[in-house]
Amino acid sequence: MKLNDLYTIGERMEIGSHTFTPEGIVRFASCFDPQIFHMDAEAAKHSLFGGLCASGWHSCSVWMRNFVDFWKSETARLIEAGKTPPTLGPSPGFKNLQWLRPVFAGDTITYGLTLIASRPLASRPGWTLYTLACDGSNQDGTQVLRFESTVLGFD
């Protein structure tokens, strides 16, 4: 079964949410993006952002965590319903990543995806390349990130 047999192209699905805590922001940043506005709440007040905010890589990593959890749950749900979901992954890449607004400590980001295209690979029977529009919006409904991803599916 293909993703486009299961989901309507162009329809957005919520895949989960996450609240960014000051401790989580600093923990991620100290390992992967140690810039002052991700590391020190007081110093961040005097930065371009005006407060402690998550690394864009942190917000994207949480998108990925939510996607993996969503797909695991969806796979179980589809199997229970008697359907055979495709096996997904890996991804050959993404493009057009945009961090549109800062994600501040205390923000809850709701993540989503939209299936925008599906293409069988002529060179690999049973393989499909899916294109997904991926996004995240804060508790006010303001989009904070978006990117376009591709993922391989094996039917």
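The shown structure was predicted, so the numbers you read here are calculated from the model rather than taken from an experiment.
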TODO: Please determine, by modelled atom types, if T108 and T19 share a side-chain donor-acceptor pair under 3.5 angstrom.
DONE: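 Per modelled atom types, T108 and T19 side chains form a pair under 3.5 Å.
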
- [ ] Before accepting this row, confirm whether a basic side-chain N of the pair R77/E80 lies closer than 4.0 Å to the acidic partner's carboxylate O.
- [x]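 No, this pair does not count.
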
Open item on the list: Under 4.0 Å between a side-chain nitrogen and a carboxylate oxygen: does that hold for R12 and D135?
Closed with: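 A salt bridge is present here (some side-chain N lies under 4.0 Å from a carboxylate O).
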
[atom1]-[atom2] distance between [X] and [Y], expressed to the nearest 0.5 angstrom:
X    : Y    : atom1 : atom2 : value
D107 : H18  : CG    : NE2   : 10.5 Å
C53  : Q35  : SG    : CD    : 9.0 Å
Q98  : K95  : CD    : NZ    : 12.5 Å
L97  : L145 : CG    : CG    : 7.0 Å
I9   : N4   : CD1   : CG    : 5.0 Å
I36  : L52  : CD1   : CG    : 10.0 Å

TODO: Could you identify which residues cluster with L129, counting Ile, Leu, Val, Met, Phe, Trp and Tyr as linked when any side-chain heavy atoms lie under 4.5 Å apart, either directly or through a chain of such contacts?
DONE: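 Joined to L129, directly or through intermediates: L121, W127, L152, F154.
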
Verify same cluster id: [X], [Y] (apolar side-chain graph, 4.5 Å):
X    : Y    : value
L100 : L132 : no
F49  : M39  : no
I79  : L88  : no

If you look at every heavy atom in [X] and [Y], which pair is closest and at what distance?
X    : Y   : value
V103 : S59 : CG2-CB, 4.4 Å
K83  : M1  : CB-SD, 4.1 Å
T150 : P92 : OG1-CG, 3.3 Å
S47  : F37 : OG-CB, 3.7 Å

Open item on the list: When you measure from the side chain of Y130 to the backbone of K2, do you find a donor-acceptor pair of N or O atoms at a distance under 3.5 Å?
Closed with: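 Judged by distance alone, no pair lies under 3.5 Å.
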
- [ ] Please answer whether the main-chain N or O of I116 pairs with a side-chain N or O of T114 as donor and acceptor at a distance below 3.5 Å.
- [x]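 Not confirmed, T114 side chain does not pair with I116 backbone.
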
TODO: Kindly assign one of parallel, tilted or perpendicular to the pair F67 and W71, based on the angle between their ring planes and the thresholds 30° and 60°.
DONE: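 F67 and W71: parallel rings.
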
Open item on the list: Let's go through C134 and Y111 carefully: what are the C-alpha distance in whole Å and the side-chain angles of both, what is the deciding distance for side-chain contact (heavy atoms from CB on, under 4.5 Å) to 0.1 Å, and is it a yes or a no?
Closed with: CA-CA 8 Å; C134 309; Y111 294 98; over 6 Å; no

- [ ] Have a look at H58 and tell me which of F20, F32, W63 forms a ring pair (Phe, Tyr, Trp, His ring centres under 6.0 Å) with it.
- [x]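 Exactly one option meets the ring pair (Phe, Tyr, Trp, His ring centres under 6.0 Å) with H58, and it is F20.
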
Open item on the list: Given W57, which partner from the list F28, W99, F147 fulfils the ring pair (Phe, Tyr, Trp, His ring centres under 6.0 Å) test?
Closed with: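 Exactly one pass, corresponding to W99.
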
- [ ] Mind checking ring pair (Phe, Tyr, Trp, His ring centres under 6.0 Å) for F104 and listing every partner two or more places apart, or none if nothing turns up?
- [x]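 Ring pair (Phe, Tyr, Trp, His ring centres under 6.0 Å) check on F104 returns nothing, list empty.
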
Open item on the list: If the condition is ring pair (Phe, Tyr, Trp, His ring centres under 6.0 Å), which residues does Y7 pass it with, not counting sequence neighbours?
Closed with: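 By the ring pair (Phe, Tyr, Trp, His ring centres under 6.0 Å) rule, Y7 matches no residue at all.
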
Are any of the side-chain heavy atoms of [X] and [Y] separated by less than 4.5 Å?
X    : Y    : result
E148 : T131 : yes
V62  : I109 : no
S118 : L3   : no

Open item on the list: Consider side chain to side chain contact (heavy atoms under 4.5 Å, CB included). Of N66, T110, N138, which one does S17 pass it with?
Closed with: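 Exactly one pass, corresponding to T110.
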
